[in-house]
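Notes follow once the structure below has been shown.
A note on names: the letters A, B, ... follow the listed sequences, proteins ahead of strands, and every chain is numbered from 1. What you see below is based on every heavy atom in this structure, not just the backbone, and it leaves out hydrogens, waters and symmetry mates.
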Amino acid sequence: MRRLASIADLRERYDIVIVGAGPAGMAAAVEAGGHGLSVLLLDENRGLGGQVFRAVESSPLRAHAPLRSAVAAGDRLVAALASVDIEYLSEATVWQLDPTLAVSVSKAGQARGLTARRIIIATGALERPMPVPGWTLPSVMTVGGAQTLLKAHGLLPEGRMVLAGTGPLLWLYAAQCLAAGFSPTLLLDTTPRVNWLPALAKLPTFFVSPYLAKGLSLLFGVRRAVRVISGVDALAIDARDGALRVTWPGGEAAADHVLLHQGVVPHTNLAQATGCAMAWQPGQACFTPVTNDWGDSSVPGIGIAGDGAGIAGAEAAEAAGRIAGLAALHAAEAIDVAARDARSIPHRRALARARKGRAFLDALYLPSQSFRVAAADVIACRCEEVTGAAIRAAAVQGAVGSNQTKAFLRCGMGPCQGRLCGLTVVETLAAARGVTPEAIEPLRIRNPVKPVTLAEIASMPSTEAELAAVARP
Amino acid sequence: MFRRLPDPHARGVAFTFEGRPAHGVEGDSVAAALLALGHSQTRESVVSGAPRGPYCLMGVCFECLVSIDGVANRQSCMVRLREGMIVARQRGRRGVAP
Amino acid sequence: MDRAIPYQAAVIGGGVVGLCLARGLAGQGLTTCVLDEGDVALRASRGNFALVWVQSKGLGMPAYRAWTRRAAALWPAFAAALREETGLDVALRQPGGYSLCLSEHELERRRAALLQLHHQPGGETVPWEVHDPAAISRVLPAIGREVVGGIYCPLDGDVNSLRLFRALHASIARRRVTYLPEHPVHDIVPLTGGGFRIGTPRGPLEAERVVLAAGLGNARLAAMVGLSAPLRAQRGQIMVTERVAPFLHHPVSTIRQTDEGGVMIGDSKEENVADVRTSPGVLAAQARRAIRMFPLLAGLNVVRSWAALRVMSPDGFPIYDASTAAPGAFLVTCHSGVTLAAAHAELLPPMIARGALGSDVQVFTAGRFDVPAAA
């Protein structure tokens with residue numbers, strides 16, 4: 001692997017460009033490298049690993065035995081990547097991707113355009129928003145964010161820490177804190193009790209999945225050491241006496257940190273802005289890109305792999321990345337169909353194995369609708385401070401979908417462009433209109449997918465026709 | 001408040017925050033350094049001036065915006081801390097400062 | 001008639017043009033509905049560049065220059081009325097605006113055009129001045145050294161057009177206009193004895209009058225009611241920056257700062273494109289021009305770009321028409337729905353209610369396109 005030093009080192013054209021260096025992106029690069037094609041891996045972070053293997057190359061946790069495993073899981077892929085003939089540019093943000101497979105990318109304030117024969121989008125996941133009163137207060141963060149502070153910077157919370165939400169990550173992070181010597185004060189489990197019945201129907205597959213053993217030991221370990229309150233169906237945060245206060249039906253607690261988590265959802269802004277078709281997944285209450293079993297999206301030449309194509313965890317992401325890499329090799333005519341199909345077999349097996357048990361986790365940890373919809377005075381869109389009440393009022397005024405709502409209220413017009421509000425707006429509109437979320441049009445995502453300076457935009461080339469569109473005689 | 005796990009290889013990095021001397025560790029993001037020092041508020045929101053601080057720590061929420069060396073609206077969780085950086089809270093809308 | 005027709009006016013199209021008309025028609029006492037498409041549709045109104053612009057309008061049609069000047073003069077009262085009615089301030093400002101030129105050639109061509117406008121009948125009623133860079137820089141911040149001059153017109157301004165859109169929705173709701181989203185119109189059938197049946201996927205609807213305000217969609221609908229709307233799409237691409245503390249107190253024809261603080265840049269015209277994608281090359285060219293005009297824009301972060309399709313008639317001027325084959329059918333189309341909003345809200349609806357367009361707007365009928373060019 002060749003680590004490029006600056007954006008000036010990029011070629012004008014690559015056979016395969018992979019966006020995102022988490023497990024899916026790294027696996028795609030490992031698969032696609034070494035076939036005589038030019039392969040480029042782009043990632044906006046300073047090191048490999050994406051979110052789930054964050055700071056795998058640099059984590060200070062390796063010095064701490066109880067926490068070493070938190071980062072070691074990514075080592076194998078990083079080692080495999082090191083020996084493959086690909087180019088890698090870190091701290092590079094892809095801000096536009098066109099259906100013509102033109103890529104606009106920036107690093108350190110410098111922009112470049114390049115083209116590719118095939119693109120693989122592996123942008124992973126982000127946390128599902130959890131719009132509760134006070135969720136925008138300082139010292140309220142995501143559990144994933146706190147875990148990043150731990151893995152990448154060796155930072156452990158001090159003082160009173162409340163975890164709230166649903167999903168395995170709450171327990172995993174709590175266990176990591178305990179292993180590092182910090183005891184969370186309280187874990188408010190919002191897993192809806194009504195989820196157990198439908199989840200139990202999927203339990204048999206969970207028993208044969210990789211998650212069972214890991215999950216149970218985590219759970220019991222945390223419950224022994226941390227106060228856990230289950231079945232929490234409402235919560236609010238406010239600032240009180242220089243700290244935070246969390247309230248829930250029947251209780252309250254003071255806190256220095258409140259960490260929220262209710263699962264992760266695909267990070268699809270790049271795919272959406274490029275025009276990839278999306279579909280609502282009722283079982284996971286989120287949108288995923290429409291892909292076939294090679295990861296091909298609805299836009300020719302663009303594949304999507306990993307959690308960015310649908311949440312299934314790191315092992316599934318790696319297998320899907322391999323499969324997308326094979327599809328790209330075949331599309332770029334480096335391998336024939338027979339080779340592609342043959343080489344995909346072990347990865348399809350791995351993917352199937354990794355997917356076992358997901359149905360149980362999805363069913364159990366699906367957040368209740370009350371935590372997906374913004375209540376009247378709760379901020380739904382953090383950037384523009386748009387409340388649930390405003391969204392309902394827009395629906396009454398005739399806004400039928402996210403885009404009319406955005407035109408009325410500006411939700412989705414801030415820099416995050418819907419990453420933290422898109423799902424909440426859809427769910428709140430659906431509730432207001434008395435329909436299911438799939439009847440609500442999601443936010444149209446615009447380029448640039450991440451903000452870039454006007455100077456960077458100005459530095460991109462223009463064709464004669466494009467200049468003519470702006471020319472003044 | 002956050003505390004650092006002991007790291008014998010950690011090298012200190014001096015910077016300023018809100019005009020006062022501050023310090024972090026080589027490898028910190030600006031957000032991590034601020035949180036380690038107990039500063040949970042990075043900005044005042046552009047709509048109402050409400051206090052906001054880092055939320056996602058992965059570059060998608062745009063809450064951790066600060067001014068760094070005179071450049072406004074930098075995502076502190078995505079910027080590596082460097083010696084001598086001048087960091088200040090992002091107070092509402094930026095100026096256009098020529 | 002055997003059965004009551006539910007609406008006295010049906011406006012087809014829920015953009016700024018359609019909503020202004022509906023507001024005015026309801027104000028005339030007509031039971032009115034607006035048929036609109038769904039959440040995602042070609043909506044010129046979401047183009048949102050939002051200038052209230054007079055200086056360059058009407059070259060070749062003095063009546064359009066007069067109509068524009070009249071509409072701009074009606075704007076303050078219109079904005080006040082909307083605020084009174086809905087509580088929403090559409091942030092109208094009319095401090096005068098500029099077009100800035102980056103070469104002597106550009107400046108000379110623009111000056112020549114303004115002189116021509118000035119010498120058209122009635123042209124002297126629109127004030128304008130050529131300003132040199134020194135004069136401009138007293139009013140606009142830090143213009144670039146490449147700005148050689150500009151045209152200033154004290155009547156120019158801008159508005160927050162999305163807030164205008166929201167205020168219009170609130171206004172029509174208060175006036176009991178029935179707003180029907182997700183009602184695209186298949187066909188319009190004139191009924192014997194008067195009135196129209198309008199076909200939608202959710203069932204037909206009947207109205208005494210039908211007003212076509214569907215932008216590019218008018219081209220298809222016009223023929224159904226004996227009208228003609230030769231229209232073409234012209235794409236404009238726009239960028240908006242993060243919010244910035246106010247610094248640009250006069251709009252420039254291609255750069256303006258919204259009341260929220262974002263700087264909008266829109267400086268392109270592309271013919272024969274029917275999609276609303278943006279292209280990095282066009283945005284780059286616009287960005288370069290903007291930076292040449294105001295170098296201090298270079299460091300601002302662009303948060304979004306989008307494109308919209310201007311609704312262009314063959315000569316670029318509005319088409320206002322009343323059908324003779326199907327009386328009660330009207331057509332209203334233009335590419336300056338924001339500048340003309342007050343005229344559409346206040347001047348056209350009484351005409352539509354009465355059943356005929358007034359003499360002052362006869363010049364805008366589509367019949368003008370049939371007139372052979374003078375030998």
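- Per-residue counts of heavy-atom pairs under 4.5 Å with chain C were compared for A:D98, A:V400, A:V396; the largest is that of A:V400.
- Side-chain contact check for A:T288 versus A:I304: every heavy-atom pair is 4.5 Å or farther apart.
- Contact tally against chain C (heavy-atom pairs below 4.5 Å) for A:S402, A:A468, A:G113: the top residue is A:S402.
- Among C:E260, C:R235, C:E270, the residue making the largest number of heavy-atom pairs under 4.5 Å with chain A is C:E260.
- Contact annotation for A:S104: only side-chain heavy atoms (C-beta onward) come within less than 4.5 Å of a heavy atom of chain C.
- With a 4.5 Å cut-off on non-hydrogen atoms, C:R163 does not touch chain A at all.
- Between C:Y98 and C:I151, the closest side-chain pair of non-hydrogen atoms is not below 4.5 Å.
- With A:L270 as the partner, the side chain to side chain contact (heavy atoms under 4.5 Å, CB included) test is satisfied by one option alone out of A:I445, A:V449, A:I119: A:V449.
- Looking at C:F165 and C:V16, their side chains come closer than 4.5 Å, going by heavy atoms from C-beta outward.
- Annotation: side chain of A:T453 is in contact with side chain of C:N301 (closest heavy-atom distance under 4.5 Å).
- For C:L297, the parts sitting under 4.5 Å from any heavy atom of chain A are the backbone and the side chain alike.
- Residue A:E464: no heavy atom, backbone or side chain, is found under 4.5 Å from chain C.
- Taking 4.5 Å as the limit, every side-chain heavy atom of C:V303 sits out of range of all side-chain heavy atoms of C:T241.
- Of the atoms belonging to A:P448, heavy atoms from both backbone and side chain fall under 4.5 Å from chain C.
- Only the side chain of A:Q96 comes within contact range of chain C, with at least one heavy atom under 4.5 Å from a heavy atom of that chain.
- In this structure, the portion of C:R243 lying under 4.5 Å from any heavy atom of chain A is its side chain and not its backbone.
- For a residue to count as touching a neighbouring chain, one of its non-hydrogen atoms must lie under 4.5 Å from one of that chain's; by this rule A:Q404 touches chain C with backbone and side chain alike.
- Proximity of C:M264 to C:M239: side-chain heavy atoms (C-beta onward) are nowhere separated by under 4.5 Å.
- Atoms CZ and CG, on A:R11 and A:L4 in that order, are 9.0 Å from each other to the nearest 0.5 Å.
- Taking the side chain as every heavy atom from C-beta outward, C:E182 and C:R202 approach each other to under 4.5 Å.
- Contact annotation for A:A394: neither backbone nor side-chain heavy atoms come within less than 4.5 Å of a heavy atom of chain C.
- Taking CD from A:Q272 and CE from A:M278, the interatomic distance works out to 4.5 Å, rounded to the nearest 0.5 Å.
- The number of heavy-atom neighbours closer than 6.0 Å to CZ of A:R13, taken from other residues, nucleotides and ligands shown, is above 12.
- Contacts with chain C were tallied for A:Q417, A:M413, A:M460; A:M413 has the most, counting heavy-atom pairs under 4.5 Å.
- Both the backbone and the side chain of C:A170 come within contact range of chain A, each with at least one heavy atom under 4.5 Å from a heavy atom of that chain.
- Each of C:Q286, C:E271, C:R277 has some count of heavy-atom pairs under 4.5 Å with chain A, and the biggest count is that of C:R277.
- Comparing A:T274, A:I440, A:T463, A:T100 by how many heavy-atom pairs each has under 4.5 Å with chain C, the most go to A:T274.
- Contact of the C:T200 side chain with the C:L35 side chain is registered, since non-hydrogen atoms from C-beta on lie closer than 4.5 Å.
- Contacts with chain C were tallied for A:K450, A:E466, A:K406, A:E456; A:E466 has the most, counting heavy-atom pairs under 4.5 Å.
- Proximity to chain A is absent for every atom of C:Q237, based on heavy atoms less than 4.5 angstrom apart.
- In terms of non-hydrogen atom pairs under 4.5 Å with chain C, the most contact-rich of A:A465, A:P461, A:G401 is A:G401.
- Only the side chain of C:I265 has a heavy atom closer than 4.5 Å to any heavy atom of chain A.
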